[in-house]
Number of protein chains: 2
Amino acid sequence: MSWPPFDSPCLTPPPADSGPLGPCMHCRVRHLAVCSVLAGEEVQALDALAGAQVLAPGTVLARQGEPRRHVYTVTRGALRLVRLSAGGRRQVAGFALPGDFVGLSGAAVHQHDIEALGETELCRFGVEAMQRLGTRFPHLQRKLLERACMELDSARDQLMALARMTPTERIADFLLRLAAQQARSGEPAASLALPMPRADIADHLGLTVETVSRCLTTLRTRGLIALPEIYRVEILDFAGLEALNPA
Amino acid sequence: MSWPPFDSPCLTPPPADSGPLGPCMHCRVRHLAVCSVLAGEEVQALDALAGAQVLAPGTVLARQGEPRRHVYTVTRGALRLVRLSAGGRRQVAGFALPGDFVGLSGAAVHQHDIEALGETELCRFGVEAMQRLGTRFPHLQRKLLERACMELDSARDQLMALARMTPTERIADFLLRLAAQQARSGEPAASLALPMPRADIADHLGLTVETVSRCLTTLRTRGLIALPEIYRVEILDFAGLEALNPA
DNA sequence: CGCACGATTGATACCGATCAAACGGCGTGG
DNA sequence: CCACGCCGTTTGATCGGTATCAATCGTGCG
């Protein structure tokens, strides 16, 4: 509940190129998934609902099986959504970066653990309050539907990747996806921060850590990327990476 | 546009166990994704928008890349959503059975080919008309959001399957999923019709035809299923199949 | 009856998982 | 300040499972 007064610039329309529900840079990407589509009255209602939070690295925001009480918008840092199976198998369903909305689900309980990768800032809304708001402001509901449809498209793309791409292709696809996501936040995509360890990439792409490592070195050897630090990738040849994608 | 007058029973609430957006058996599962949630005026508006269609087996309803002009609800038969990559790789994103809503996507053009598996009956709505209706009836928009969230959950489940399950586990999971879907339509799930050829199952689960065949015989040998006909599966041991799922 | 096509069964090859080891950075403690 | 140890990453060697190639079977249709 302790957060600075809402920036008035946030009420101005977002830049034309920000796309549907894109980040609203005016308000320092604060609960950007919704702020860019609402008018004054609605923003006030949202402010009353929202709580800002800063999470230390490794903080567990939610565990699978717990009742879903909140939805979140990420404004800084990164989250990972992890599913652990009874057999000990691990799957990283996705990563939430600044601008992402977390919590679109039809289930009453969390399907994933939600964990902070680094120091992460986010904005929290109660689900039932959000639903009430949705009925009061059809505009918001519509934007949420758009967002859900986008995520659906994204999930289907990923199905294709998991089903029919080789490990190297998956890594290339993953890097390009991350670059695009980072580009949406305004930063150039050539130098790419990887907020997650190799194991998370592996569990995200259905691979092992060793294979991820090997594929990264393969891409480096081919001159497509550089690895100046462990948690950073320079994309040297976008076209070359895209050429790997058989889509 | 040629379809029988709208059954009045359709205006009554759907059976309690039909779940959100579940099939509305009263109106013979006709455009069931929406009919069960609307009142008289809205239903009339929908009728004006909807067109019933019956497709012969193999009919192509849409091709990837074409502009998306319609959404559909399946009332009989089955559709498959196919994506073909430049490299010739094939991915079946999913199957639409009676009760399913096809067309939740944020893209302006189709991401998949949509093809009828057998003789298939469906109901067509224009997307922009549907959107107008959504703004006029927030109730509808909300139901669409719920449906989108459900599909999102389902897609994420499938990601887990593709990333971390063995071929046999994927087949078992697929059969149980299909059984559950068929059960929603009211029919008992023990005897399961497979509307699609083996190749579609393979391309849906990221396998080859040969592996699908081998896994089915494996399950049969273990006494978990029977295969009385090629396009039919009897589930003999639900618990046994579920035990294969490591989730 | 013969053909065509999809499904099944069989034999082999290859790729990624697994097992194992070495490397590197970083924090701690001596 | 340096030595050590921990943990994540990288690299290496081997194994196994699934794709691939190939052949047979079965069914429906001409």
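Every chain is numbered from 1, with letters handed out A, B, ... down the list of sequences.
Atom-to-atom, CG of A:L194 to P of D:dT9 comes out at 10 Å; the value is rounded to the nearest Å. The separation between B:L207 atom CG and D:dT20 atom P is 11 Å, rounded to whole Å. When the P atom of D:dG17 is taken as reference, atom CZ of B:R170 falls 15 Å away, rounded to whole Å. A:M196 has its CE atom 15 Å from the C1' atom of D:dG8, to the nearest Å. If you take CD1 of A:I171 and P of D:dT10, they are 10 Å apart, rounded to a whole angstrom.
Both A:Y231 and A:R164 sit near DNA chain D, but only A:Y231 has its closest nucleotide nearer the 5' end.
Contact between A:S85 and B:P246 at its shortest, heavy atoms only, is CB-O, 3.0 Å. Of all heavy-atom pairs spanning B:P57 and B:L117, the tightest one is CB-O, 3.9 Å. A:I171 and A:C215 get closest at one heavy-atom pair: CG1-CB, 3.8 Å.
A:Q181 and A:D100 form a side-chain donor-acceptor contact under 3.5 Å, judged by distance and modelled atom types alone.
Using a 4.0 Å cutoff to heavy atoms of chain A, the contacted part of DNA chain C runs 5' to 3' from C:dG16 to C:dC19.
With respect to A:D203, the salt bridge (charged side-chain N to carboxylate O under 4.0 Å, His left out) criterion is satisfied by exactly one of A:R90, A:R80, A:R89: A:R90.
Looking at A:R198, its side chain never comes within 3.5 Å of a backbone N or O of A:V209 through a donor-acceptor pair. A donor-acceptor pair under 3.5 Å links the side-chain atoms of A:R68 to the main chain of A:A107, judged by distance alone.
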Next on the checklist: As a quick check of understanding, evaluate salt bridge (Lys or Arg N to Asp or Glu O under 4.0 Å) for B:D157 and A:R83, giving each step before the final call.
Outcome noted: CA-CA 10 Å; B:D157 287 346; A:R83 187 179 296 189; 2.8 Å; yes

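B:L216 comes within contact range of no nucleotide atom at all, as no heavy-atom separation falls under 4.0 Å.
Proximity of B:T208 to the phosphate of D:dT18: no side-chain N or O atom is located under 4.0 Å from OP1 or OP2.
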When the side chains of residues 220-235 of chain A are checked against the rest of the protein, which donor-acceptor pairs come out under 3.5 Å, sequence neighbours left out?
{"unit_1": "A:T221", "atom_1": "OG1", "unit_2": "A:T217", "atom_2": "O", "d": "2.6"}
{"unit_1": "A:R232", "atom_1": "NH1", "unit_2": "A:S191", "atom_2": "OG", "d": "2.8"}

For nucleotides 21-28 of chain D, print each protein N/O atom paired with a nucleotide N/O atom at under 3.5 Å, atom names and distance only.
{"unit_1": "D:dC21", "atom_1": "N4", "unit_2": "B:E210", "atom_2": "OE2", "d": "3.0"}

